[in-house]
Amino acid sequence: MASASVHPLPPGSTIGIMGGGQLGRMTALAAARLGYKCHIFTPETDSPGEQVSAAATIADYEDRKALKSFAGSVDVVTFEFENVPAESAEYLAEHALVRPGAQCLAIAQDRLKEKDFINKTAPTTPYRKVTSAEDLAKAADEIGRPAVLKTSRMGYDGKGQVLIAPDCDYAAAWAAMGAEIGILEGFVDLDCEVSVITARSPHGGWVTYPAVENRHVNHILDTTLAPARLPGDLAEQAVAIAHDLADALDLVGLLAVEMFVTRDKRILVNELAPRPHNSGHWTMDACPTSQFEQLVRAVCGLPLGSVEAHHDAVMKNLIGDDVTGWPDLLADPGARLHLYGKAEARPGRKMGHVNRLYPKGQLPNG
Ligand code: AMP
């Protein structure tokens with residue numbers, strides 16, 4: 001349809017969001033502040049996104065009838081979840097303006113395609129496609145051990161990952177990964193993990209938040225420190241990489257780029273998410289424009305907002321039972337609490353987050 005349109009969608013327009021999780025919820029809240037309505041498309045009832053949106057379609061992501069009717073009721077479609085089938089995104093694009101385009105999802109939801117794409121612009125750790133235990137043994141000989149075996153699709157928060165140690169039983173590792181197509185990656189000797197979020201408008205204009213440092217516990221993001229404390233020009237390199245990748249994708253919206261910083265001070269790109277990202281939640285309290293407002297601005301063709309942080313920040317995720325600490329957090333004047341409206345605090349489930357602000361240059365050590 002009008003995918004080449006660069007006319008701004010005025011306040012009062014409706015933004016369709018594929019996915020009903022916390023990222024959709026916070027996008028809908030930011031959209032409401034600017035006078036936009038949101039319509040959530042999700043297979044789940046009572047989702048965090050639906051709770052704060054003007055409308056919801058509860059249907060499978062492959063349901064063509066529901067997709068068509070949803071497309072007809074919104075002015076632009078965006079995503080809070082990159083594993084919406086790329087075919088559904090293509091179908092939506094026949095009936096509505098879709099930002100970012102289906103090509104961005106197709107790349108981000110397949111680790112092999114993603115690594116092939118990234119390597120045209122920025123370095124990654126060495127990797128090989130593997131489709132059997134024999135392939136795995138051969139790839140490990142080529143790449144070296146330790147290495148990490150991952151599913152090529154639908155992997156997140158470390159799910160479907162197996163460490164390939166020097167004394168590996170390849171058949172057992174292949175079975176443990178549990179998918180038909182995998183990717184073997186060289187194990188990165190990490191100094192730290194960083195990410196960068198960039199926003200790109202339909203006019204090709206862009207803004208990029210500073211690089212942040214991410215600390216994981218059990219493969220799930222636990223804490224983000226903003227900005228990342230990186231030596232030399234690594235922070236600028238990280239920002240330039242994110243911008244170049246968003247340009248190469250011809251992306252309209254947000255792109256989060258997860259990167260490894262090696263002990264010998266190189267940046268290797270790990271993965272891409274063409275949507276808001278957990279490591280950008282600090283922007284809600286420390287920047288004039290949050291990542292969620294930035295997404296609204298980008299997909300509606302509005303001027304992009306300032307990414308100049310007025311404070312440094314630490315974002316801590318509330319995972320599972322952590323959320324029971326909400327009364328103490330509310331009583332703490334330094335804590336800015338964000339809860340996602342999820343009824344059940346299952347282990348590993350992201351229930352909310354807390355931002356704490358610090359004068360610039362005064363992030364706590366540790
Ligand atoms: P991913 O699902 O690719 O985001 O991986 C989850 C986490 O596992 C990352 O944030 C890293 O902490 C770790 N990890 C993933 N891939 C590698 C790798 N090739 N080398 C070292 N650590 C890794």
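Scope of the values below: all heavy atoms of this structure, side chains included, with no hydrogens, waters or symmetry mates. In listed order, ligands and their atoms are each counted from 1. What you see is a predicted model, and the numbers here were worked out from it, not measured in a lab.
Checking His219, His216, Lys150, Glu185 against atom 3 (O) of ligand 1, the nearest heavy atom belongs to Lys150.
Leu34 and Met26 are assigned to two separate hydrophobic clusters, defined by single-linkage of ILVMFWY side chains at heavy-atom distances under 4.5 Å. Under the 4.5 Å side-chain heavy-atom criterion for ILVMFWY residues, a single connected hydrophobic cluster contains both Val207 and Leu295.
At under 3.5 Å, a nitrogen or oxygen of Glu271, whether backbone or side chain, sits near a nitrogen or oxygen of ligand 1. Between Gly186 and ligand 1, at least one pair of N/O atoms sits closer than 3.5 Å.
A heavy-atom distance below 4.5 Å is found between the side chains of Thr57 and His39. Residues Leu23 and Phe79 have side chains not in contact (no heavy-atom distance under 4.5 Å, counting atoms from C-beta outward).
Contact annotation for Asn270 and ligand 1: only side-chain heavy atoms (C-beta onward) come within less than 4.0 Å of the ligand. Under 4.0 Å from ligand 1, heavy atoms of Val188 appear from its side chain as well as its backbone. Within the 4.0 Å heavy-atom criterion, the part of Arg111 lying near ligand 1 is the side chain and not the backbone.
Between Tyr209 and Trp282, the ring-plane angle classifies as perpendicular under the 30° and 60° cut-offs.
Using 4.0 Å as the threshold, Ala147 has no heavy atom nearer than that to any atom of ligand 1.
Atom numbering of ligand 1 starts at 1 in the shown order; those under 4.0 Å from a heavy atom of Val148 are 18 (C), 19 (N). Counting atoms of ligand 1 from 1 in the listed order, those under 4.0 Å from a heavy atom of Phe187 are 20 (N), 21 (C). The ligand atoms of ligand 1 that sit less than 4.0 angstrom from a heavy atom of Glu258 are 4 (O).
Nearest heavy-atom pair, Ala228 versus Val194, reported as atom, atom and distance to 0.1 Å: CB-CG1, 4.0 Å.
By the 6.0 Å and 45° rule, Arg25 does not stack over the aromatic ring of Tyr340.
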